[in-house]
Amino acid sequence: MSAPFDRMITGDAALFVALGIGFAFGWFLERGGMGDARRISGQFHFTNMAVLKLMFSAIVTAALGAFWLARAGWLDLSRVYIPETYLLPQAAGGLVFGSGFVTAGLCPGTSCVAAATGKLDGLAAMAGLLLGVLLVGAVYPAIAPFYDSTPRGALTVPALFGMPHGAALLALVALALGCFAGAARMERHAAGAGR
Amino acid sequence: VTRVHAAAAAGATGLAILAAAAGDPPARLLPDAQLPAPPAVAAVALAERIRARDPLLVLDARDPASFATFSVPTAVHLDADTAERVRADRAVIVYARRDGDAAAIAARMRARTLDAAVLEGGVQAWIEEVLEPRLYLDATPADTQAYRRAAEVSRYFGGVPRAGVERPPPRATSDAAADDAIARTQRRGC
């Protein structure tokens, strides 16, 4: 009989596995071109859709992987942490995050990747990230009521729409393939306009 | 679109179609019975922690009517649907109609890395040990010491400690005994 991953890998070994996964995550982000601010900011101008394609590929891979690992008895879905939804604070956070993303051309993960490859804009974005963390920590008592407002619990698409996991997966894959086709068309259009 | 892209798209579509046909994966692999038992907290120890304003989240997993009638101070009601979603950056103490129910909830919370424990004896223990501590005539020195500790915290919560009373027959731990204990607190005036 198979055993869940979290029972096979425990204690310090889990930390090393996490470190390995972190390195692999950074490596693949870099190889996917996500350490290049110009390439990322192309997403916001619809001239380079690499971010959408990479992120959606990762989502589809993770969703299919989680489903089939759970079906095979290798992953305990009840022990996978699902972040809770807080509508208004997360909408506000998304706006702040998006503003920083489009300004720097980097998000927290890609700024680390850019910094690791010696890019100064990556280091600057990381400094901004740490300053932002400090700032939010300093003003947290004042914003705590807003921070905890409009809670909706840990939402999942199957639970929200009352549909089976597999049907939600099929819809997700169809949406991803549609977006990939649309992204390819946009890139061709942008390349044609640029000539 | 390269051949690799087309193959990946076909593979993902195939796996998704199979997933739709395969049915939902099991929600939980590890049965509750196999989860390690959560630690238990005695009522007096919990009372001391509440009085000391320790960062605590006390959860009452009984039915809403029982919660409305009587609950441990600072406790918030927990319904079965939200038990899996509780998130806390402080210690969690759970009590329910039966300790076994509270232990199952706390064990699942501990599986999600929450620092959860069970209030041993639930509401009945809270009433008998915190609100109504008794020092019996045949008390040992250890009993006396425990009584003094309970009496100190009891007064803080509006309890009525009594010394020098006859020892009653061994206490029952049933739903009826818990209801009796709650009814006693309701009859008590201000």
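All chains are named by letter (A, B, ...) in the order of the sequence lines, taking the proteins before the strands, and each is independently numbered beginning at 1. Everything numeric in this text was worked out from a predicted model, so none of it was measured.
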Do you know the tightest heavy-atom contact between [X] and [Y]?
X: B/His77; Y: B/Arg62; result: NE2-O, 2.6 Å
X: A/Arg71; Y: B/Pro25; result: CD-CA, 3.7 Å
X: B/Ala20; Y: A/Leu170; result: CB-CD2, 4.2 Å
X: A/Gly35; Y: A/Ala114; result: O-CB, 3.5 Å

message: Under a 4.5 Å cutoff for heavy-atom pairs, which residue among B/Gly23, B/Ala21, B/Ala8 has the most contacts with chain A?
response: B/Gly23

task: Tabulate, in ascending numerical order, the residues of residues 11-19 of chain B having at least one heavy atom closer than 4.5 Å to a heavy atom of chain A, or enter 'none'.
output: B/Ala12, B/Thr13, B/Leu15, B/Ala16, B/Ile17, B/Leu18, B/Ala19

field: Spacing of A/Arg39 atom CZ and A/Met49 atom CE [to the nearest 0.5 Å]
entry: 13.0 Å

task: Enter the distance from A/Asp121:CG to A/Asp36:CG here, rounded to the nearest 0.5 Å.
output: 8.5 Å

- request: If the plane angle is over 60° it's perpendicular, under 30° parallel, otherwise tilted; pick one for A/Phe101 and A/Phe44.
  value: perpendicular

message: Can you confirm whether more than 12 heavy atoms, excluding those of A/Phe25, are under 6.0 Å from its CZ atom?
response: no

- prompt: Do the two ring centres, one from B/Trp126 and one from B/Phe157, sit under 6.0 Å apart?
  reply: yes

message: Quick test of your reading of the model: are B/Arg134 and B/Glu128 salt-bridged, counting only N-O distances below 4.0 Å?
response: no

- prompt: Which atoms of A/Leu177 come close to chain B, meaning under 4.5 Å heavy atom to heavy atom: side chain ones, backbone ones, both, or neither?
  reply: side chain

query: Using non-hydrogen atoms and a limit below 4.5 Å, what part of residues 161-168 of chain A faces chain B?
result: A/Pro164, A/His165, A/Gly166, A/Ala167

